[in-house]
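Notes follow the structure.
In what follows, chains are A, B, ... by sequence order, proteins preceding strands, each numbered from 1. Every heavy atom of this structure was used, including side-chain atoms; hydrogens, water molecules and symmetry mates were not.
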Amino acid sequence: MRSLRDALVTFRRAPLLSALSVTTIAFSLFAFGLFGLVALNIREALDRLEDRVEVRAFVAEGTPIETIAVATADIATFPEVLSARTVTQGEALARARRELGEFRDVFEGAVLPASIDVRLKPGFRSPATVRSVAARVNTYAFVDDIRYGEEWIQKLYRLRNIAGIAGLVLGLAFASVSMIIIGATIRMAVLARAREISIMRLVGATDSYIRRPFLLEGFAKGVMGGLLALLLTWLARLLIDRYIIETVFFDQRLAALGLLFGAMIGLVGSAVSVGRHLRSV
Amino acid sequence: MIRFFNVTKSYARTGTAVQDITLHVGKGEFVFLTGASGAGKTTLLRMVYLEERPTAGEVRVSGTSSLDATPGDVARLRRKLGIVFQDFRLLENRTAEQNVAFALEVTGAAKATIGPKVARVLTQVGLASKGTAYPRELSGGEQQRVAIARALVNDPFVLIADEPTGNLDDRATRGIFQLLREINAAGTAVMMATHNLELIRRQEFRTIEMNRGAIVFDSANQPRMAREP
Ligand SMILES: Nc1ncnc2c1ncn2[C@@H]1O[C@H](COP(=O)(O)OP(=O)(O)OP(=O)(O)O)[C@@H](O)[C@H]1O
Ligand SMILES: [Mg+2]
């Protein structure tokens, strides 16, 4: 009760600094949130894409079908491989016609190479694994050419990593700034109450009792910053959804984690500062 | 109860404030602490409530030692001590009652017990009718009574008073001193630093005189007659 009242008192005493603390915490979490959202959506896209990841080994013309069948069975036993299938020249042509619909005439009389289509197990679809499987398939002498969605996927992966790192760096930068501002706010609050604090000490209040309202204040600011960040992120996502592409949002667990992280920034910022400044009162 | 064992306190910037003091103050005693300005009275008292720790030697107060007391130990010790100063140290934005209650609130006393205890000590110091007054609405003597009430509200075994009458006129001084005597008569020890030799001369209480950080006279050790001129 007292702590809560005291915590709110500093909001009145230093409204600008308090608002600034909340805002920087919000920005910190917003940076985490926004780039986190980007990373999340790329991941989501990758998951969908990865379902289709295939390594397709084109077989040199004139290779006996038995040789191809043996190799296919062989490849199917690779630990990363979900399935391997032989696609004959005829099948390849039929598939091309099917996929190209109205342009099927293009393939009139064309000869498409036979191939072995390899699908990978979930969990073995990262660019590195795809590349290593492709390399092994490529060792069969009759394999003419090998294709896999390497560049595409790698780019997306890289984009995801960049988004993640950018979010982390920006978020941490804002987190540091907010801690500094919280520190300054606490300093002012402690100095403004120096007299009261020294009397508390005189009559035997414990340090933890003296600290509590300051910590609570930091915590409250962190939670407020977290809520503000959630709101900002949600609005940003709304805009992206409307004008760019449809996206997925954080689930409740991640949102709660964000709030918790905000609360931690507030709490730790306060604790560090209050520890330092109480000593000088 | 309160023991000093060869206690020395030196400051880096000002040198030795208290030098090799060994002292025992027993239960329920009344002790005057006197001596010229800068003699070390305040420093000695600050070591009693562990606001300062000795540079050498040991202070032991009611089972708490300056050698190993944690901040928690110090907080707990202070709930058993009452401390008053020349400048009262009241909170201006709180009434007399609230100032006294403050000492109970911040030590986690049960809500229901606070009101009666505050009323009891305010009556004891003669301020029963001024509980709702703010410090600025009270005279110096009355403010000091509030401070004493606050010091008493936790039932301390000793009251430490550093020049409690330093800011008061003769009449108020006599009133405060009378109050301290009553408190002592009720069983609480009192350690009082003062420049008021008149006050001391008229009393038969134990008197300790300090000079340059050392005890130069203690009436508990030698009769008053033997005192140097
Ligand atoms: N916090 C401190 N830092 C440095 N020196 C100090 C400190 N407190 C006291 N001193 C020094 O210790 C010496 C004794 O000071 P102290 O306040 O104990 O004297 P006193 O007897 O209480 O004097 P007065 O009668 O004027 O109150 C002084 O020389 C002072 O400069
Ligand atoms: Mg002094």
| request: Begin with the C-alpha distance, continue with both residues' side-chain angles, and end with the deciding distance and a verdict on side-chain contact (heavy atoms from CB on, under 4.5 Å) for A:L202 and B:Y49. | output: CA-CA 9 Å; A:L202 207 61; B:Y49 56 93; 4.1 Å; yes

(Q) For a side-chain contact (heavy atoms from CB on, under 4.5 Å) check, start with the C-alpha distance between A:E196 and B:R94, then their side-chain angles and the critical distance, and finish with the verdict. (A) CA-CA 11 Å; A:E196 202 177 331; B:R94 288 175 195 252; 3.6 Å; yes

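Annotation: the span from B:D73 atom CG to A:T206 atom OG1 amounts to 12.0 Å, rounded to 0.5 Å.
Taking both residues in full, the closest heavy atoms of A:I199 and B:R150 are given as CG2-NH1, 3.6 Å, listed atom of the first, atom of the second, then distance. Minimum heavy-atom separation, B:N154 to A:V203: ND2-O, 4.4 Å. Between B:A75 and A:A205 the shortest heavy-atom distance is CB-O, 3.8 Å.
A distance-only check finds a donor-acceptor pair linking the side chain of A:R195 to the backbone of B:L90 [under 3.5 Å].
A 4.5 Å side-chain heavy-atom check between B:R78 and A:R201 finds at least one atom pair inside the cut-off.
Counting non-hydrogen atoms of neighbouring residues, nucleotides and ligands closer than 6.0 angstrom, the CD atom of A:Q252 reaches no more than 12 such neighbours. For A:K121, the NZ atom counts as densely surrounded, since its 6.0 Å shell holds more than 12 non-hydrogen atoms of other residues, nucleotides or ligands. More than 12 heavy atoms of other residues, nucleotides or ligands sit less than 6.0 Å from atom NZ of B:K9. Counting non-hydrogen atoms of other residues, nucleotides and ligands closer than 6.0 Å to CZ of A:F27 gives a total of 12 or fewer. Heavy atoms of other residues, nucleotides or ligands lying less than 6.0 angstrom from CZ of B:F177 number more than 12. Within a 6.0 Å sphere centred on CG of A:L16, heavy atoms belonging to other residues, nucleotides or ligands number 12 at most.
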